[in-house]
Amino acid sequence: MLSHIFVGVKDFPRALVFYRAVFAELGLPERFCDPKRPWAGWQSVPGPRPLFLIGTPYDGQPHAAGNGQMVALLAPTRAAVDRVFLTAVANGALSEGEPGLRLEYHANYYGAYFRDTEGNKLCVACHEAPL
């Protein structure tokens with residue numbers, strides 16, 4: 001369904017450190033990084049799509065985090081959700097909801113919510129029953 005997701009940032013070097021840590025925890029490889037543009041991207045496994053991209057807005061206007069927009073990253077296990085959340089917070093994220101079951105979504109929805117270093121809201125979620 002998705003080709004790619006682009007998340008705008010103001011402070012590319014800081015956001016790059018943050019996203020490299022988060023995607024390393026999910027085992028997703030960095031596909032490219034061009035600090036001159038600036039932008040970077042990670043691909044799903046197996047690739048090549050969808051891609052997750054960060055960068056400064058193409059129109060040259062300042063980035064502003066949206067209200068009501070969120071990107072949810074898929075984690076293979078509940079333990080991965082826990083690790084990603086801790087990694088995100090350790091790298092500057094603000095918690096919007098610690099890891100845990102969200103039974104209002106479905107019986108096995110285990111997720112965590114946070115805002116990246118730029119104020120963009122993200123979720124990491126596992127939809128599987130515990131192993």
Problem set entry | With Y105 via side-chain hydrogen bond (donor to acceptor under 3.5 Å, both in side chains) - residues at least two apart | none
Problem set entry | Under the side chain to side chain contact (heavy atoms under 4.5 Å, CB included) test, residues paired with N67 that sit two or more places apart | none
Exercise. For L74, what are the other residues in its hydrophobic cluster, where any two members join if their side-chain heavy atoms are less than 4.5 angstrom apart?
Worked result: none
For this session: Of all the heavy-atom pairs spanning A40 and L16, show the shortest one and how long it is.
Result: CB-CD1, 3.9 Å
Exercise. Are the aromatic ring centres of Y19 and F52 under 6.0 angstrom apart?
Worked result: yes
Exercise. What residues, two or more places apart in sequence or in another chain, satisfy side chain to side chain contact (heavy atoms under 4.5 Å, CB included) together with P29?
Worked result: Q43, V45
Exercise. With respect to V22, which candidate in V84, L28, V17, D116 satisfies the side chain to side chain contact (heavy atoms under 4.5 Å, CB included) definition?
Worked result: V84
Exercise. Any side-chain heavy atom of V7 sitting closer than 4.5 Å to one from V71?
Worked result: yes
Problem set entry | Shared hydrophobic cluster, I5 / Y58 (ILVMFWY, side-chain heavy atoms < 4.5 Å) | no
Exercise. Looking at residues at least two apart in the chain, or sitting in another chain, which of them share a side chain to side chain contact (heavy atoms under 4.5 Å, CB included) with L103?
Worked result: L101
Exercise. Step by step, would you call W39 with F32 a ring-ring contact (aromatic ring centres under 6.0 Å, His included)?
Worked result: CA-CA 8 Å; W39 70 326; F32 69 90; 4.6 Å; yes
Exercise. Closest heavy-atom contact between R102 and G111?
Worked result: NH1-O, 2.9 Å
For this session: Answer yes if M70 and L2 sit in the same cluster of Ile, Leu, Val, Met, Phe, Trp and Tyr residues linked by side chain heavy atoms under 4.5 Å apart, and no otherwise.
Result: no
Exercise. Which pairs count as salt bridge (Lys or Arg N to Asp or Glu O under 4.0 Å) when at least one residue sits in residues 36-49, sequence neighbours excluded?
Worked result: none
For this session: Could you list the residues that satisfy side chain to side chain contact (heavy atoms under 4.5 Å, CB included) with A64, not counting sequence neighbours?
Result: none
Problem set entry | Residue pair T56 / F6: nearest heavy atoms and the distance that separates them | O-CZ, 3.8 Å
For this session: May I ask you to decide if G8's main-chain N or O and N120's side chain share a donor-acceptor pair within less than 3.5 Å?
Result: yes
Exercise. Are side-chain heavy atoms of I54 and F18 found at a separation under 4.5 Å?
Worked result: no
Exercise. For the hydrophobic clusters of this structure (ILVMFWY residues joined by side-chain heavy atoms under 4.5 Å, transitively), does one cluster hold both L26 and V81?
Worked result: yes
Atom pairs and distances, donor-acceptor, side-chain atoms in residues 85-99, under 3.5 Å, two or more places apart:
| from | atom 1 | to | atom 2 | distance (Å) |
| --- | --- | --- | --- | --- |
| T87 | OG1 | E25 | OE1 | 3.3 |
| T87 | OG1 | R83 | O | 2.9 |
| N91 | ND2 | T87 | O | 2.8 |
| S95 | OG | G97 | N | 3.3 |
| E96 | OE2 | R115 | NE | 3.1 |

Can you give me every donor-acceptor pair (side chain of residues 121-131, partner residue at least two apart or in another chain, under 3.5 Å) with its distance?
| from | atom 1 | to | atom 2 | distance (Å) |
| --- | --- | --- | --- | --- |
| H127 | ND1 | H106 | NE2 | 2.9 |

For this session: Determine which pairs satisfy salt bridge (Lys or Arg N to Asp or Glu O under 4.0 Å) with at least one residue from residues 3-24, sequence neighbours left out, and list them in order.
Result: D11-R14, R14-E118, R20-E30
Problem set entry | Heavy-atom side-chain contact between P57 and H63 under 4.5 Å | yes
Problem set entry | Non-neighbouring partners of F12 that pass ring pair (Phe, Tyr, Trp, His ring centres under 6.0 Å), sequence neighbours left out | none
